[in-house]
Amino acid sequence: MKLAVQHELLSYLSGAKFELEYEGKKITFDTSKITFVALGAFNDLRERKIKENEKTTQNVGFITGNREEKKDRRYTITQKDYVDAGLQRELIGRFSLLTSTQALTPDKLEQILNESEISPLRSLHKLCKLPKFNVELKCSPEMVAEIAQLAYNDGFGARSLQTILNNLKNVVLGQILSGQLSELEITNELLNKSRDIAVRSY
(Lines give C-alpha, C1' and ligand atoms only; values in the text may rest on other atoms or scores of the structure.)
Protein backbone atom coordinates (compact mmCIF):
# COMPACT_ATOMS: atom_id res chain seq x y z
CA MET A 1 0.00 0.00 0.00
CA LYS A 2 1.40 3.41 -0.99
CA LEU A 3 2.51 5.69 1.83
CA ALA A 4 0.21 8.49 0.65
CA VAL A 5 -2.82 6.21 0.91
CA GLN A 6 -1.77 5.00 4.35
CA HIS A 7 -1.31 8.57 5.53
CA GLU A 8 -4.78 9.49 4.24
CA LEU A 9 -6.32 6.63 6.23
CA LEU A 10 -4.89 7.89 9.52
CA SER A 11 -7.46 10.67 9.81
CA TYR A 12 -10.36 8.27 9.35
CA LEU A 13 -8.98 5.76 11.83
CA SER A 14 -8.35 8.46 14.43
CA GLY A 15 -12.02 9.39 14.64
CA ALA A 16 -12.15 12.67 12.71
CA LYS A 17 -15.24 14.54 11.47
CA PHE A 18 -15.65 15.25 7.77
CA GLU A 19 -18.06 17.58 6.02
CA LEU A 20 -19.73 15.84 3.07
CA GLU A 21 -22.37 16.79 0.58
CA TYR A 22 -25.10 14.26 -0.06
CA GLU A 23 -28.09 14.93 -2.31
CA GLY A 24 -27.50 18.64 -2.04
CA LYS A 25 -27.28 18.61 1.74
CA LYS A 26 -24.17 19.05 3.85
CA ILE A 27 -23.72 16.40 6.51
CA THR A 28 -21.09 15.69 9.12
CA PHE A 29 -19.53 12.25 8.89
CA ASP A 30 -18.01 11.17 12.22
CA THR A 31 -15.62 8.24 11.84
CA SER A 32 -15.31 7.79 15.62
CA LYS A 33 -18.62 5.88 15.41
CA ILE A 34 -17.19 3.30 13.02
CA THR A 35 -15.46 0.03 13.78
CA PHE A 36 -12.75 -0.45 11.17
CA VAL A 37 -11.71 -3.95 10.08
CA ALA A 38 -8.70 -4.25 7.79
CA LEU A 39 -7.69 -7.35 5.84
CA GLY A 40 -4.47 -8.06 4.02
CA ALA A 41 -2.74 -10.86 2.18
CA PHE A 42 0.93 -11.14 3.13
CA ASN A 43 1.90 -14.10 0.98
CA ASP A 44 5.41 -14.76 2.26
CA LEU A 45 5.00 -13.59 5.84
CA ARG A 46 3.49 -16.81 7.20
CA GLU A 47 6.20 -19.13 5.93
CA ARG A 48 8.94 -16.71 6.92
CA LYS A 49 7.61 -16.51 10.47
CA ILE A 50 7.25 -20.29 10.68
CA LYS A 51 10.89 -20.70 9.66
CA GLU A 52 11.96 -18.09 12.19
CA ASN A 53 9.97 -19.74 14.95
CA GLU A 54 10.86 -23.34 14.16
CA LYS A 55 12.06 -25.13 17.24
CA THR A 56 13.15 -28.65 17.94
CA THR A 57 12.18 -30.79 20.88
CA GLN A 58 14.64 -33.36 22.05
CA ASN A 59 13.47 -36.47 23.84
CA VAL A 60 16.27 -38.27 25.63
CA GLY A 61 15.53 -41.80 26.80
CA PHE A 62 17.65 -43.59 29.37
CA ILE A 63 17.10 -46.86 27.53
CA THR A 64 17.51 -45.99 23.88
CA GLY A 65 19.10 -42.57 24.02
CA ASN A 66 17.25 -41.71 20.79
CA ARG A 67 16.68 -38.14 19.71
CA GLU A 68 13.47 -37.12 18.06
CA GLU A 69 13.20 -33.75 16.38
CA LYS A 70 9.85 -32.19 15.56
CA LYS A 71 9.25 -29.01 13.65
CA ASP A 72 7.04 -26.52 15.45
CA ARG A 73 4.92 -24.75 12.83
CA ARG A 74 3.33 -22.32 15.23
CA TYR A 75 4.15 -18.67 14.69
CA THR A 76 3.40 -15.22 16.04
CA ILE A 77 3.00 -12.14 13.88
CA THR A 78 3.71 -8.83 15.61
CA GLN A 79 3.17 -5.19 14.73
CA LYS A 80 6.83 -4.97 13.71
CA ASP A 81 6.29 -7.70 11.10
CA TYR A 82 3.62 -5.57 9.41
CA VAL A 83 5.88 -2.53 9.56
CA ASP A 84 8.70 -4.56 7.98
CA ALA A 85 6.23 -5.58 5.26
CA GLY A 86 5.71 -1.93 4.32
CA LEU A 87 2.90 -0.59 6.50
CA GLN A 88 3.39 2.61 8.47
CA ARG A 89 3.93 2.26 12.21
CA GLU A 90 1.28 4.94 12.82
CA LEU A 91 -1.28 3.02 10.75
CA ILE A 92 -0.71 -0.33 12.48
CA GLY A 93 -0.84 1.43 15.84
CA ARG A 94 -4.44 2.47 15.14
CA PHE A 95 -5.58 -1.17 15.32
CA SER A 96 -5.99 -2.53 18.84
CA LEU A 97 -6.37 -6.18 17.80
CA LEU A 98 -4.23 -8.10 15.33
CA THR A 99 -4.82 -11.68 14.28
CA SER A 100 -3.75 -14.05 11.51
CA THR A 101 -5.27 -17.05 9.79
CA GLN A 102 -3.89 -20.51 9.07
CA ALA A 103 -3.15 -21.64 5.53
CA LEU A 104 -5.77 -23.83 3.90
CA THR A 105 -4.76 -27.48 3.57
CA PRO A 106 -5.67 -29.64 0.55
CA ASP A 107 -8.38 -31.28 2.69
CA LYS A 108 -9.89 -27.89 3.52
CA LEU A 109 -9.80 -26.86 -0.13
CA GLU A 110 -11.51 -30.11 -1.05
CA GLN A 111 -14.16 -29.39 1.59
CA ILE A 112 -14.76 -25.96 0.04
CA LEU A 113 -15.30 -27.55 -3.37
CA ASN A 114 -17.77 -30.08 -2.00
CA GLU A 115 -19.64 -28.10 0.64
CA SER A 116 -19.36 -24.35 0.14
CA GLU A 117 -22.43 -22.54 -1.18
CA ILE A 118 -20.14 -20.50 -3.45
CA SER A 119 -18.01 -23.42 -4.58
CA PRO A 120 -16.81 -22.89 -8.18
CA LEU A 121 -17.48 -26.57 -8.82
CA ARG A 122 -21.10 -26.13 -7.74
CA SER A 123 -21.34 -23.11 -10.03
CA LEU A 124 -20.19 -25.24 -12.95
CA HIS A 125 -22.75 -27.89 -11.98
CA LYS A 126 -25.51 -25.26 -12.02
CA LEU A 127 -24.41 -23.95 -15.41
CA CYS A 128 -24.44 -27.43 -16.91
CA LYS A 129 -27.87 -28.25 -15.48
CA LEU A 130 -29.60 -25.18 -16.93
CA PRO A 131 -32.58 -26.44 -19.02
CA LYS A 132 -31.22 -24.96 -22.23
CA PHE A 133 -27.97 -26.95 -21.83
CA ASN A 134 -28.93 -29.97 -19.67
CA VAL A 135 -25.39 -31.32 -19.48
CA GLU A 136 -24.56 -33.92 -16.85
CA LEU A 137 -21.34 -32.97 -15.09
CA LYS A 138 -19.26 -35.78 -13.61
CA CYS A 139 -16.37 -35.14 -11.24
CA SER A 140 -15.09 -38.09 -9.23
CA PRO A 141 -13.85 -37.71 -5.63
CA GLU A 142 -10.36 -38.38 -6.97
CA MET A 143 -10.63 -35.45 -9.37
CA VAL A 144 -11.99 -33.18 -6.63
CA ALA A 145 -8.93 -34.10 -4.56
CA GLU A 146 -6.68 -33.44 -7.58
CA ILE A 147 -8.17 -29.96 -8.10
CA ALA A 148 -7.73 -29.20 -4.40
CA GLN A 149 -4.10 -30.33 -4.51
CA LEU A 150 -3.39 -28.18 -7.58
CA ALA A 151 -4.95 -25.17 -5.84
CA TYR A 152 -2.82 -25.85 -2.76
CA ASN A 153 0.32 -26.07 -4.91
CA ASP A 154 -0.54 -22.79 -6.64
CA GLY A 155 -0.44 -21.12 -3.23
CA PHE A 156 -3.29 -18.61 -3.54
CA GLY A 157 -5.73 -20.25 -1.16
CA ALA A 158 -9.38 -20.68 -2.12
CA ARG A 159 -8.98 -18.19 -4.97
CA SER A 160 -6.92 -20.82 -6.79
CA LEU A 161 -9.98 -23.06 -6.90
CA GLN A 162 -11.88 -20.37 -8.79
CA THR A 163 -8.98 -19.85 -11.20
CA ILE A 164 -8.64 -23.57 -11.95
CA LEU A 165 -12.38 -24.05 -12.54
CA ASN A 166 -12.60 -20.89 -14.65
CA ASN A 167 -9.77 -22.11 -16.87
CA LEU A 168 -11.49 -25.46 -17.20
CA LYS A 169 -14.79 -23.78 -18.01
CA ASN A 170 -13.13 -21.74 -20.76
CA VAL A 171 -12.08 -24.97 -22.48
CA VAL A 172 -15.55 -26.54 -22.52
CA LEU A 173 -17.84 -23.49 -22.52
CA GLY A 174 -18.13 -23.36 -26.31
CA GLN A 175 -19.28 -26.99 -26.45
CA ILE A 176 -21.76 -26.43 -23.62
CA LEU A 177 -23.27 -23.30 -25.19
CA SER A 178 -23.54 -24.90 -28.64
CA GLY A 179 -25.30 -27.99 -27.29
CA GLN A 180 -22.56 -30.36 -28.42
CA LEU A 181 -22.35 -32.06 -25.03
CA SER A 182 -24.85 -34.15 -23.12
CA GLU A 183 -22.26 -35.26 -20.57
CA LEU A 184 -19.08 -33.64 -19.29
CA GLU A 185 -16.57 -35.59 -17.24
CA ILE A 186 -13.68 -33.78 -15.58
CA THR A 187 -10.58 -35.85 -16.19
CA ASN A 188 -6.86 -35.37 -15.72
CA GLU A 189 -6.53 -34.88 -19.46
CA LEU A 190 -9.13 -32.10 -19.49
CA LEU A 191 -7.65 -30.50 -16.40
CA ASN A 192 -4.13 -30.53 -17.84
CA LYS A 193 -5.40 -29.10 -21.11
CA SER A 194 -7.11 -26.22 -19.33
CA ARG A 195 -3.99 -25.38 -17.32
CA ASP A 196 -1.78 -25.61 -20.40
CA ILE A 197 -3.98 -23.15 -22.27
CA ALA A 198 -4.00 -20.81 -19.27
CA VAL A 199 -0.19 -20.82 -19.13
CA ARG A 200 0.27 -20.29 -22.87
CA SER A 201 -2.25 -17.44 -22.98
CA TYR A 202 -0.02 -15.13 -20.93
Side-chain angles (χ1 to χ4, degrees), residues 1 37-57 68-77 81-82 85 98-202:
M1 186 187 297
V37 179
L39 304 175
F42 298 86
N43 294 335
D44 300 325
L45 184 55
R46 176 187 289 110
E47 287 302 318
R48 179 169 64 79
K49 291 299 294 185
I50 288 174
K51 289 178 181 178
E52 288 178 1
N53 296 333
E54 276 182 353
K55 301 173 183 177
T56 57
T57 57
E68 182 181 356
E69 293 186 352
K70 296 180 180 179
K71 287 186 177 181
D72 186 350
R73 291 189 58 84
R74 292 175 296 179
Y75 60 93
T76 301
I77 295 178
D81 293 316
Y82 291 112
L98 299 177
T99 187
S100 57
T101 58
Q102 298 294 326
L104 291 170
T105 63
D107 288 342
K108 289 294 183 182
L109 291 168
E110 190 173 343
Q111 186 178 355
I112 290 172
L113 282 175
N114 287 325
E115 301 177 15
S116 173
E117 290 296 326
I118 57 173
S119 161
L121 185 58
R122 285 192 175 189
S123 297
L124 184 56
H125 269 287
K126 290 178 181 178
L127 173 66
C128 289
K129 291 306 292 181
L130 287 174
K132 57 183 176 181
F133 304 135
N134 198 27
V135 175
E136 182 181 358
L137 178 64
K138 294 183 178 180
C139 186
S140 67
E142 291 77 18
M143 286 310 306
V144 172
E146 178 66 17
I147 294 171
Q149 185 63 52
L150 288 173
Y152 178 78
N153 294 342
D154 288 345
F156 292 97
R159 287 170 293 185
S160 291
L161 296 174
Q162 186 71 59
T163 301
I164 291 170
L165 267 297
N166 280 346
N167 289 338
L168 191 147
K169 184 167 34 176
N170 286 339
V171 172
V172 298
L173 190 58
Q175 293 174 292
I176 293 176
L177 296 178
S178 62
Q180 298 178 32
L181 296 177
S182 59
E183 179 180 290
L184 172 62
E185 182 177 1
I186 298 178
T187 61
N188 274 310
E189 181 181 0
L190 181 59
L191 196 57
N192 291 335
K193 180 180 178 181
S194 69
R195 289 176 67 80
D196 180 53
I197 290 176
V199 169
R200 287 189 287 108
S201 65
Y202 284 104

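The structure displayed is predicted, hence computed values, not measured ones. Count residues from 1 along the sequence.
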Please name the pair of heavy atoms, one in [X] and one in [Y], separated by the smallest distance, quoted to 0.1 Å.
| X | Y | answer |
| --- | --- | --- |
| P141 | E110 | O-OE2, 4.2 Å |
| K108 | L104 | CB-CD2, 4.0 Å |
| E115 | R122 | O-NH2, 3.6 Å |
| T99 | Y82 | O-OH, 3.8 Å |
| L168 | S194 | CA-CB, 3.5 Å |

**OP:** Nearest 0.5 Å please: distance from the NE2 atom of H125 over to the CD atom of E136.
**Re:**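 H125 NE2 to E136 CD: 9.5 Å, rounded to 0.5 Å.
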Original post:
Between CZ of F133 and OG of S182, what distance do you get to the nearest 0.5 Å?
Top reply: 14.5 Å
Note, [X] side chain near [Y] side chain (heavy atom, < 4.5 Å):
| X | Y | answer |
| --- | --- | --- |
| L113 | L161 | yes |
| I186 | V144 | no |
| L127 | L137 | no |
| I176 | L184 | yes |
| D107 | Q111 | no |

Original post:
salt bridge (Lys or Arg N to Asp or Glu O under 4.0 Å) with E183: which residues, sequence neighbours excluded?
Top reply: K138
[X] [atom1]: over 12 foreign heavy atoms closer than 6.0 Å:
| X | atom1 | value |
| --- | --- | --- |
| Y152 | OH | no |
| Q180 | CD | yes |
| L130 | CG | yes |

**OP:** Would you confirm whether D196, through its side chain, and N192, through its main-chain N or O, come within 3.5 Å as a donor-acceptor pair?
**Re:**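 Not confirmed, D196 side chain does not pair with N192 backbone.
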Original post:
Going through the checks in order, is the side chain to side chain contact (heavy atoms under 4.5 Å, CB included) test met by K129 and N134?
Top reply: CA-CA 5 Å; K129 291 306 292 181; N134 198 27; 3.7 Å; yes
**OP:** Apply side chain to side chain contact (heavy atoms under 4.5 Å, CB included) to the pair D154 and R195, showing each step before the final yes or no.
**Re:** CA-CA 12 Å; D154 288 345; R195 289 176 67 80; 3.1 Å; yes
